[in-house]
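First the structure, in the form of structure tokens, and then the observations on it.
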Amino acid sequence: MTIAIVTDSTSDLNAALCAQVGVTSVPLYVLFDGKMHIDGLEITPGDLFAGLKAGKKTPSTSQPSPAEFAAAYTEALKTADEVLSIHISGQMSGTVGSARLAAQEFGGKVTVLDSRSVTMGLGLRVLRAAELANQGLSVPQIVERLEALQKVADIRFTVDTLDFLRINGRIGGGQALLGSLLNIKPILVVKDGRVDSGGRVRGHKKAMSDIVDYVKKYAAQHGGARVAIMCTPGGEEFVKEVRAGLSGVSFEDMGDHQIGAVVATHAGPGTVGVTLEPLHA
């Protein structure tokens, strides 16, 4: 019994990695400068930030259609017996709803799972699913493992500027202004499928220290951890700081990943964070 894994572009797994592990990624869309762009193929976070700096209007995003998921499932089922389709939290996007509508056409051969996460929180779940499928586990067994992981997996990140959270309605203008004046850096987490506050610190150094300390505590609590580090353009130096802070800490390194255009729309430039999972599902 072979199982194909399908995800979406908010997993932030690049095309080379998807090809390496045999995962199909269905892209979301970014409406920007009067055009609909395919996430990761026709638009990058750098394109977004350059356009916004030039005065273009704030972009919006759109999920794939059920027909696009149906096409991906049809293709996957040419070589697989079943499909496990894992997606961005339904609290953040209608993507998983589109996938579920498409799955109804396939007579139980397609199972859709809401990851209740985003970016590399989703990405690590997808990579784990591919590993478990290669080990011979069934779809129900994989789903059970992933749902257990969802309860203990974590994302922790900070943004370089509060402007994008303000523009996208995540915080008020007064909060953004005050935060900028006081050099307040929000610590953000994904909780119950939504982006939530994990606290706030003053200054860049304390924000990096918070992330590093959290990884250390998480790894100690769980007897080790899988750690992926992610950023938007402008956050590359922050990634180096996080890695320097983690020198000597034992963890399974899942690499550095660029946050895609859809998520970067809300996070802005200079965002950096970590995704954490226990070593064993």
Side-chain angles (χ1 to χ4, degrees), residues 8-15 25 27-64 88-89 91-95 118-123 155-190 194-197 200 203-204 207-208 211 229-242 256-275:
D8 62 74
S9 61
T10 67
S11 67
D12 292 336
L13 300 175
N14 62 41
S25 181
L28 276 74
Y29 295 90
V30 180
L31 177 59
F32 188 51
D33 196 26
K35 298 177 183 177
M36 194 70 82
H37 305 270
I38 301 172
D39 185 24
L41 295 177
E42 297 177 347
I43 192 165
T44 67
D47 298 330
L48 280 181
F49 301 150
L52 289 169
K53 196 171 182 179
K56 293 176 180 176
K57 291 183 179 179
T58 304
S60 59
T61 58
S62 179
Q63 71 255 25
I88 179 177
S89 170
Q91 300 290 321
M92 300 180 191
S93 169
T95 298
V118 67
T119 187
M120 285 307 297
L122 167 59
I155 296 180
R156 197 167 187 88
F157 65 102
T158 188
V159 296
D160 192 43
T161 172
L162 293 164
D163 291 345
F164 284 75
L165 292 170
R166 174 186 58 79
I167 290 168
N168 289 287
R170 296 303 189 267
I171 61 171
Q175 284 178 284
L177 177 60
L178 184 61
S180 297
L181 289 173
L182 297 177
N183 195 22
I184 296 296
K185 299 296 183 187
I187 302 298
L188 302 168
V189 299
V190 175
R194 291 180 178 273
V195 175
D196 202 354
S197 173
R200 56 183 183 173
H204 168 78
M208 295 303 101
I211 290 174
I229 305 176
M230 63 257 184
C231 72
T232 59
E236 294 84 0
E237 289 302 314
F238 303 157
V239 170
K240 291 179 183 177
E241 289 182 44
V242 171
D256 299 342
H257 302 264
Q258 185 178 84
I259 293 170
V262 168
V263 179
T265 296
H266 303 285
T271 295
V272 64
V274 292
T275 298

Q) Does any N or O in the side chain of Asp8 come within less than 3.5 Å of the main-chain N or O of Ile88, such that one atom is a donor and the other an acceptor? A) yes
Q: Rounded to the nearest 0.5 Å, what's the gap from NE2 on His266 to CD1 on Ile259? Could you check?
A: 12.0 Å
Q.
The test is side-chain contact (heavy atoms from CB on, under 4.5 Å); show your working for Phe157 and Val272 and say whether it passes.
A. CA-CA 6 Å; Phe157 65 102; Val272 64; over 6 Å; no
Q: Could you tell me whether the side chain of Ser9 and the main chain of Leu28 form a donor-acceptor pair under 3.5 Å?
A: yes
Q. What are the two closest heavy atoms between Lys57 and Phe32, and how far apart are they?
A. O-CE1, 3.1 Å
Q. Taking Asp12 for the side chain and Gly260 for the main chain, is one N or O donor matched with an acceptor at less than 3.5 Å?
A. yes
Q | Separation between CD1 of Ile155 and CG of Asp196, rounded to the nearest 0.5 Å | A | 12.5 Å
Q | Pro27 backbone acceptor or donor facing Asp39 side chain under 3.5 Å | A | no
Q) Hey, is the main chain of Pro186 close enough, under 3.5 Å, to the side chain of Thr158 for a donor-acceptor pair? A) yes
Q.
When you measure from the side chain of Thr232 to the backbone of Gly268, do you find a donor-acceptor pair of N or O atoms at a distance under 3.5 Å?
A. yes
Q: Mark yes or no for whether Glu241, through its side chain, and Val239, through its backbone, hold a donor-acceptor pair below 3.5 Å.
A: no
Q) At what distance, to the nearest 0.5 angstrom, does CD of Glu236 lie from CD of Gln258? A) 7.0 Å
